[in-house]
Protein chains: 2
Amino acid sequence: MDGRKRGTGATTLTDVAQLAGVSLATASKAMNGVSQVRAETRQRVLDAAATLSFTPNPFAKALNSATTGTIGMLTQDLDNRFVLPVLLGAEDAFGAGSTSVLLADARSDSIRERHQLGMLLAKRVDGLLVVGRTTNPRASLTAGLKVPVVYVYAPSDDPADLSFTPDNFDAGRQAVDHLLSRGRRRIAFINGDPSYSAAQDRVAGATSRLAEEGLSLVGGADLFGPWGERWGRRCTESLVESGVQFDALLCGSDQLARGALDQLRESRRSVPDDVAVMGFDNWDLLAEEARPPLTSVEMNLEQLGRSAALELVAAIGGTTARGVRRGAVRVVPRESTGSWLHTDGGGTSADTGTRETGTS
Amino acid sequence: MDGRKRGTGATTLTDVAQLAGVSLATASKAMNGVSQVRAETRQRVLDAAATLSFTPNPFAKALNSATTGTIGMLTQDLDNRFVLPVLLGAEDAFGAGSTSVLLADARSDSIRERHQLGMLLAKRVDGLLVVGRTTNPRASLTAGLKVPVVYVYAPSDDPADLSFTPDNFDAGRQAVDHLLSRGRRRIAFINGDPSYSAAQDRVAGATSRLAEEGLSLVGGADLFGPWGERWGRRCTESLVESGVQFDALLCGSDQLARGALDQLRESRRSVPDDVAVMGFDNWDLLAEEARPPLTSVEMNLEQLGRSAALELVAAIGGTTARGVRRGAVRVVPRESTGSWLHTDGGGTSADTGTRETGTS
């Protein structure tokens, strides 16, 4: 999550058009869901609108007079740190206009979810944002509903629904890309619970990127275990004791990576000199206080929530869209993976720049 | 946060009366805000109702027909992990009945807060729950509003308002109590940012409890620094290097405590044999994965949110209450403070029971 200040309404459609690199007319068409705009262009305009926290009047105009200006947000498990940024982004996108958010939490209980859904519909919400607790596909709720539904984080299992989920496969690819750029080629992947799509997708992406270089994961693609520092420590210890050579540990979460860092320190392996370490999720609290600070993949969940919210507003305005949109992710480099490789030394000669070396 | 399952409506007022240890008539009076019930009794009934997730029909009956069944929850900063459990508890208490929660986040921006407040009132909410981002007192919003307001986490600065905030002073007292029970008498307090009431109240409570034993904090009461692991490490390192004797480090947050544990390991001090370590907040993710697992003070924020929500419902029903209610907290013992002291050896002879000793 960034510390960027949000605007409070001074943004115009002209600003959005400019940021998206399109004409004002195209921006207007895109925001109104007019079909002659290409899907990619439309997405670019919506993303620009989201970035600028712009919720336009045309949206409000498109809404018929029967609307209440209220959106239902049905969360599966509020007590989950991944849900919060999604909620925040959606609340921001809605709140910038005249739309309010009615919140209901199902607590991972499908009976309660039905109850909460009924309650939201009884309040005559104009649309529903359904926020899952993992990125595993979830059962569609859409059938029989008279209001539009958009799924976030957990995509719907019905391809006729519109869903937004982070691109975990690309996250795995980008992570490996980053490690390769740091001259690492002997990469092990310490992963979390295999029942999570996120765990599977991340390692699949990593494997696919390595295969393009004729490489594969050191220690195999199935180092699954419980999410958490403890498994990060134990798996690292096993790798060290096994005698297998590795110059990078890619960890399925920042927590796993924290455990890996701890264990490497105890095993007297220097990070990033001997081993680069990297996580996913970019949880600032864990990543920034790590020794050394941890490179991680930012999943952009706030942007995901914002995009989904804007699409829901568009859907209420009459646009129809379907399928799974995968939100862009990006690597946030910190000291745990060193700096760019200047010489092509096959992973042995890197300028590692400024860093803590575990003795602070 | 506990993993307790929440009921979905089978609870009756009889169950509440039973749990509160009062008659059905008293429970009914208490829930309806009838004044002949003592405040303590009423609180016990409300707490029991909260525990059982009971939102009674009488509440609905007490509401006049002009109500919308919608509560506004105005958060100052959703992107704050302390807000989430409060929101969760409140949503749970409301959601168990027919009340829905309209969410608006001010993002620590007072202009945006006014805007969001106006939006909530325009939606004709029956009442407002105002959730702060710290426990520092905040400016009252109540003046001129026609609906009841209850403040949570950050108390209102107007004593005529009703506020719920965790009892940080008692948290400090209980923490010291716990360390004394483990035979520790040379306790240092590594604290966070002094501009936070939580930091001030916790150390004040600790100092007061120590004074009752004729003791004071080793290293003084002003070891303030930034919240976070880094300060926990540095302050611990300074204490070790200063040569001052201590047998316990009480840390103003779990993050500080994690830093302290790390540094003690590097300084070859055994936890809890040489030094007991303890935090505040009981953030399971940090506390349970610590080496050894970290004793901490649970601030019961979910219960705080639940109590505030029930009081708001009561206020909508016509009850008036004022002042600051301080929510109960409790110590959650783990291995970092060892086990009970069996012999009264002045802090040198303790049975420390099962624990990790930093070699796992």
Side-chain angles (χ1 to χ4, degrees), chain A residues 1 3 5-6 8-9 68-70 72-73 75 77-81 83-85 87-88 91-92 94-95 98-107 109 111-112 115-116 119-120 122-123 125 228-234 237 255 258-259 262 265-266 285-286 288-291 302 358-360, chain B residues 1 3 5-6 8-9 68-70 72-73 75 77-81 83-85 87-88 91-92 94-95 98-107 109 111-112 115-116 119-120 122-123 125 228-234 237 255 258-259 262 265-266 285-286 288-291 302 358-360:
Chain A
M1 274 160 278
K5 291 276 173 273
R6 284 93 179 171
T8 48
T68 58
T70 307
M73 183 141 34
T75 53
D77 178 14
L78 262 182
D79 183 11
N80 174 333
R81 68 182 191 80
V83 167
L84 194 65
L87 195 146
L88 197 66
E91 195 275 341
D92 187 45
F94 290 135
S98 58
T99 305
S100 333
V101 176
L102 210 49
L103 183 69
D105 186 40
R107 293 176 190 255
D109 172 342
I111 293 169
R112 186 176 160 115
H115 168 79
Q116 298 284 56
M119 200 181 70
L120 290 173
K123 300 273 176 187
V125 293
E229 294 175 61
R230 205 165 274 131
W231 171 241
R233 288 198 298 267
R234 296 219 173 121
E237 194 177 24
Q255 281 178 274
R258 285 292 301 259
D262 267 8
R265 184 175 302 109
E266 293 193 11
L285 188 132
L286 291 182
E288 287 168 7
E289 302 255 330
R291 286 186 295 165
E302 193 168 337
T359 52
S360 83
Chain B
M1 276 160 278
K5 290 277 173 274
R6 284 90 179 173
T8 48
T68 58
T70 308
M73 184 143 32
T75 53
D77 179 14
L78 261 182
D79 184 10
N80 174 332
R81 66 181 194 81
V83 166
L84 194 65
L87 193 148
L88 199 65
E91 194 276 343
D92 188 46
F94 291 134
S98 58
T99 305
S100 331
V101 175
L102 211 46
L103 183 70
D105 185 41
R107 294 176 188 253
D109 172 342
I111 292 171
R112 187 178 159 113
H115 169 79
Q116 297 284 57
M119 199 180 70
L120 290 172
K123 300 273 174 186
V125 294
E229 293 174 61
R230 205 165 274 132
W231 171 240
R233 288 198 297 266
R234 297 217 173 123
E237 194 178 24
Q255 281 179 274
R258 285 292 299 260
D262 266 9
R265 184 175 302 109
E266 293 193 11
L285 188 133
L286 291 182
E288 287 169 8
E289 302 256 332
R291 287 186 295 166
E302 194 168 337
T359 55
S360 82

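Numbers restart at 1 for each chain; the letters A, B, ... are given by sequence-line order, proteins then strands.
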- Message: Are the side chains of Leu87(A) and Leu103(B) in contact, using a 4.5 Å heavy-atom criterion?
- Response: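 In contact.
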For the residue pair [X] and [Y], what are the closest heavy atoms and their distance?
{"X": "Gly69(A)", "Y": "Lys123(B)", "value": "O-NZ, 2.8 Å"}
{"X": "Met119(A)", "Y": "Ser100(B)", "value": "CE-OG, 3.9 Å"}
{"X": "Glu91(B)", "Y": "Asp105(A)", "value": "OE2-N, 2.8 Å"}
{"X": "Leu102(B)", "Y": "Leu102(A)", "value": "CD1-CD1, 3.4 Å"}

- Can you tell which part of Leu285(B) gets under 4.5 Å to a heavy atom of chain A, answering side chain, backbone, both or neither?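 For Leu285(B), heavy atoms of backbone and side chain both lie under 4.5 Å from chain A.
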Report which part of [X] has an atom under 4.5 Å of a heavy atom belonging to chain B: side chain, backbone, both, or neither.
{"X": "Leu286(A)", "result": "side chain"}
{"X": "Gln116(A)", "result": "side chain"}
{"X": "Thr75(A)", "result": "neither"}
{"X": "Asp77(A)", "result": "neither"}

- Does the pair Arg107(B) and Asp92(A) meet the rule for a side-chain contact (heavy atoms from CB on, under 4.5 Å), with working shown? CA-CA 9 Å; Arg107(B) 294 176 188 253; Asp92(A) 187 45; 3.0 Å; yes
- Once you round to the nearest 0.5 Å, how far does CG of Asp262(A) lie from CD of Glu289(B)?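 These two atoms lie 10.5 Å from each other.
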- Message: Out of Glu288(B), Arg258(B), Met73(B), return the one with the most heavy atom pairs under 4.5 angstrom to chain A.
- Response: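 The option with the most such pairs is Arg258(B).
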